[in-house]
Amino acid sequence: MRISKVSFGDLRLGSSIKPKPEFFTSAQAQAIIQAAPEPYKTLFAVASGTGARAGEILALTVSDLNFEKKTISISKSADEHAGDSPTQDR
């Protein structure tokens, strides 16, 4: 079998056009939070206010919440491949 000669000039590596990342505006996020039923309203509000990932929010327990200091301690993540047990990731 003969294969034609390929030079670097014949190759194209990806596109020079990079997709622009999309984010919700503050108004859009607030509209989503207000329209959502519980428990999603709370989950969306925590995500919006903290920037935490879905797995990190789903792994939160009451002991991660400090109501006096008004803080949330994120030290684990729920992993879809690990079943129900949260995994330490920090």
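- I33 and A45 get closest at one heavy-atom pair: CD1-CA, 3.8 Å.
- With T50 contributing its side chain and V46 its backbone, the two residues share a donor-acceptor pair below 3.5 Å.
- Following chains of ILVMFWY side-chain contacts shorter than 4.5 Å, one can reach I57 starting from F67, so the two form part of one hydrophobic cluster.
- Nearest heavy-atom pair, K41 versus Q34, reported as atom, atom and distance to 0.1 Å: NZ-O, 3.2 Å.
- A pairwise comparison of heavy atoms in S48 and A29 identifies OG-CB, 4.2 Å as the closest pair.
- Of all heavy-atom pairs between S75 and D64, the closest is OG-OD1, 4.4 Å.
- No donor-acceptor pair under 3.5 Å is formed between the side chain of K76 and the backbone N or O of L60.
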